[in-house]
Amino acid sequence: MFSKSKRIVGIVLAALMVASVFAGCGDNNSSSTPASGSGDASGTSSQQQIKNITVDEMMADAQVAMGDEDNVKLKVWGPQDSVALLTKQCQAFADNFKKLGRTIDIEVVPQGESNASSQVMTDPDAAADVFGFASDQGLALFKDEYLLKVRLNFVQPIKDTNITEAVDTATFQTANDDQPYLYAYPETGDNGYALFYDKRVLSEDDVKTLEGLMKACEEQKKNFTMEMGDGYYGCVIPFTGGGTLELEDDLETQKLNYDYEKIGPVAKAFADVLSTSKYFKNESVNSTLVSGFKNQTHAAGVIGSWAIKDIKKALGDNMGVAKLPTIKVDGEDKQMVSIYGYKNIGVNAKSKFPMTAQSLAYYLTGETCQKQRVEEIGWGPSIKTLVDSDLVTKDEALSAIYEQQKFSLPQKDIISGWWSPTGTYGAYVVDSKKQHDEKTMKEEFDNMVETIEMG
């Protein structure tokens, strides 16, 4: 699989030497050459001397992968449910280069992706060399220079093989940069949510619209849960109304493209359907949905890909999954628009073995490892050929999540101060005890916007 002729390897090495393409692999991010494929076409001409290197080419030659690094010791972080597979993959990487005369010792340590960035920023010297993180954490890691830029030789192959949105979430640009740069390696493409339901209670037609779903829940006296008090889910209100997010050039100020004339009617529609039903629950979906399915108190809920295995255990063949439903706004069915995240792998800027660490990150996010993750632990891929394969298209849960991705905004460029006000507004909209007249709803919307813009 990794065999290449000496002539090809020699060409690769010669290109590396001529172009000085080990940029970005030192102790800092001081690459002087733009990274191709990181966001626009402006770097095309400057990339003519950069030799693109695939994962297989990198694995075929220790000098290409590691430079002069040897007796390498790396620490890798991954969530608990991936540790066994991650350990096997890291061992395969080390064994490959052992055959090529290099020694690599890799320690795999459990560390959840949700707080990996905070752990890195707390003590980067003690943190992992290679670590997984959710895409919304990329901005903070990038701004404070905790991530090494992706090695320039790897950028174009990553762009060519991964879905564009996944690459975009790992791409950043400072006000002084000539173009965007890639700062992490796309790992998954399924970090979003969908509608899970009990097929014994709801039909495929029921779950197409929010109105139909709630009507069926009321008839069957079963609950539907969506944690609208969490900005991760509550954002469906402004997003369904056409709202979008941007960052100002200072990378600190959230720019809201929110038009109340469009968002207000959407909020009123959510209030009319959900705040008026005793079978809608704004509750911790992670804590209640699986048990609700087991106890048959819940007919449906909106939750992310991480819950697929547990829901499957609870419902078995009765598990149904669909993209989010439509909601009727001023007589028109509007598709609910969600936020959609990705998982990336980053390389610690303080790593003592930056070249090997970057090559390991590249390998772990390559097609072989992504395919193993789909097959063994059910993680959805970011590589396009895998997304389009039977592994995804014939998997009911993953295919629904990828379908919802078409109706979503990427989880990127979001300041921490956006989440809580968005959740507060979502909770207000669906609260049966609150007033939902036009004046009050406009005041609550304005409070959300003001709080977010204050940072």
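Being a predicted model, the structure only gives us computed values, none of them experimental.
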Q: Please list, chain by chain and in numerical order, all residues satisfying ring-ring contact (aromatic ring centres under 6.0 Å, His included) with Phe280, sequence neighbours excluded.
A: Phe224
Q: For Phe293, enumerate each residue passing the ring-ring contact (aromatic ring centres under 6.0 Å, His included) test, keeping only those at least two apart in sequence or located in another chain.
A: none
Determine whether more than 12 heavy atoms belonging to other residues, nucleotides or ligands lie under 6.0 Å from atom [atom1] of [X].
| X | atom1 | value |
| --- | --- | --- |
| Glu403 | CD | yes |
| Lys371 | NZ | no |
| Asp317 | CG | no |

Does a side-chain heavy-atom distance below 4.5 Å link [X] with [Y]?
| X | Y | result |
| --- | --- | --- |
| Glu187 | Ser382 | no |
| Ser275 | Tyr428 | no |
| Leu245 | Ile414 | yes |
| Asp413 | Glu246 | no |
| Leu182 | Val167 | yes |
| Thr393 | Tyr402 | no |
| Asp259 | Ile263 | no |
| Thr288 | Asn223 | no |

Atom pair [atom1]/[atom2] of [X] and [Y] - distance to nearest 0.5 Å:
| X | Y | atom1 | atom2 | value |
| --- | --- | --- | --- | --- |
| Ile237 | Phe270 | CD1 | CZ | 5.5 Å |
| Ile452 | Leu256 | CD1 | CG | 5.0 Å |
| Leu398 | Ser305 | CG | OG | 7.5 Å |
| Glu227 | Ser287 | CD | OG | 7.5 Å |
| Asp123 | Lys350 | CG | NZ | 9.0 Å |
| Gln370 | Thr188 | CD | OG1 | 8.0 Å |

(Q) side chain to side chain contact (heavy atoms under 4.5 Å, CB included) for Glu367 and Thr385? Distances and angles first, verdict last. (A) CA-CA 9 Å; Glu367 184 170 356; Thr385 54; 3.5 Å; yes
Does [X] use its side chain to pair, donor to acceptor, with the backbone of [Y] at less than 3.5 Å?
| X | Y | result |
| --- | --- | --- |
| Ser82 | Pro79 | yes |
| His298 | Val290 | no |
| Thr240 | Val337 | yes |
| Tyr193 | Tyr232 | yes |
| Glu283 | Met226 | no |
| Gln89 | Cys369 | yes |
| His436 | Val430 | no |
| Asp437 | Thr440 | yes |
| Gln404 | Phe407 | yes |
| Asn52 | Pro157 | no |

Ionic contact status for [Y] with [X], cut-off 4.0 Å:
| X | Y | answer |
| --- | --- | --- |
| Asp198 | Arg200 | yes |
| Glu444 | Lys434 | no |
| Lys412 | Glu165 | no |

Q) What pairs of residues pass the salt bridge (Lys or Arg N to Asp or Glu O under 4.0 Å) test when at least one of them lies in residues 268-282, not counting sequence neighbours? A) Lys268-Asp272
Show me the side-chain donor-acceptor pairs of residues 130-141 shorter than 3.5 Å, one per line, residues at least two apart or across chains.
{"from": "Ser135", "atom 1": "OG", "to": "Tyr342", "atom 2": "N", "distance (Å)": "3.1"}
{"from": "Ser135", "atom 1": "OG", "to": "Tyr342", "atom 2": "O", "distance (Å)": "3.3"}
{"from": "Ser135", "atom 1": "OG", "to": "Gln411", "atom 2": "O", "distance (Å)": "3.2"}
{"from": "Asp136", "atom 1": "OD1", "to": "Gln411", "atom 2": "NE2", "distance (Å)": "3.1"}
{"from": "Gln137", "atom 1": "OE1", "to": "Ser117", "atom 2": "N", "distance (Å)": "3.0"}
{"from": "Gln137", "atom 1": "OE1", "to": "Ser117", "atom 2": "OG", "distance (Å)": "2.7"}
{"from": "Gln137", "atom 1": "NE2", "to": "Glu113", "atom 2": "O", "distance (Å)": "2.6"}
{"from": "Gln137", "atom 1": "NE2", "to": "Ser114", "atom 2": "O", "distance (Å)": "2.9"}

Q) Can you check side chain to side chain contact (heavy atoms under 4.5 Å, CB included) on Arg373 and Leu85, steps first, answer last? A) CA-CA 8 Å; Arg373 282 193 287 273; Leu85 176 58; 3.6 Å; yes
(Q) Is there a salt bridge (Lys or Arg N to Asp or Glu O under 4.0 Å) between Lys442 and Glu438? Walk through the geometry before answering. (A) CA-CA 6 Å; Lys442 181 63 165 60; Glu438 176 60 28; over 6 Å; no
Q: Write down the atom of Ala127, the atom of Val120, and the distance for their closest heavy-atom approach.
A: CB-CA, 3.9 Å
Q. Looking at Ile339 and Ser408, what are the two nearest heavy atoms and their distance?
A. C-CB, 4.3 Å
Q | Side-chain donor-acceptor pair present, Ser351, Asn348, cut-off under 3.5 Å | A | no
Q: Please report the C-alpha distance between Ile345 and Leu360 in whole Å, then the side-chain angles of each, then the deciding distance to 0.1 Å, and finally whether the side chain to side chain contact (heavy atoms under 4.5 Å, CB included) criterion is met.
A: CA-CA 10 Å; Ile345 288 183; Leu360 176 59; over 6 Å; no
Using atom types as modelled, flag every donor-acceptor pair under 3.5 Å from a side chain in residues 202-215 to any protein atom, sequence neighbours excluded.
{"from": "Ser203", "atom 1": "OG", "to": "Asp205", "atom 2": "N", "distance (Å)": "3.4"}
{"from": "Ser203", "atom 1": "OG", "to": "Asp206", "atom 2": "N", "distance (Å)": "3.1"}
{"from": "Ser203", "atom 1": "OG", "to": "Asp206", "atom 2": "OD2", "distance (Å)": "3.2"}
{"from": "Asp205", "atom 1": "OD1", "to": "Lys208", "atom 2": "NZ", "distance (Å)": "3.2"}
{"from": "Asp206", "atom 1": "OD2", "to": "Ser203", "atom 2": "N", "distance (Å)": "2.9"}
{"from": "Thr209", "atom 1": "OG1", "to": "Gly212", "atom 2": "N", "distance (Å)": "2.9"}
{"from": "Glu211", "atom 1": "OE2", "to": "Lys328", "atom 2": "N", "distance (Å)": "2.8"}

(Q) Does the plane of the ring in Tyr260 sit parallel, tilted or perpendicular to the ring in Phe445? Use 30° and 60° as the thresholds. (A) tilted
Q: Would you mind telling me which of Met59, Gln156, Arg151 makes a side chain to side chain contact (heavy atoms under 4.5 Å, CB included) with Ile53?
A: Arg151
Q | Test log, rule side chain to side chain contact (heavy atoms under 4.5 Å, CB included), inputs Leu315 and Tyr197 | A | CA-CA 9 Å; Leu315 292 178; Tyr197 64 96; over 6 Å; no
Q | Listed once per pair and sorted, the ring pair (Phe, Tyr, Trp, His ring centres under 6.0 Å) pairs that draw on residues 301-338, sequence neighbours left out | A | none
Q: Could you give me the CA-CA distance, side-chain angles and deciding distance for Gln335 and Lys323, then say whether side chain to side chain donor-acceptor pair (under 3.5 Å) is met?
A: CA-CA 9 Å; Gln335 173 60 48; Lys323 68 173 178 60; 2.6 Å; yes
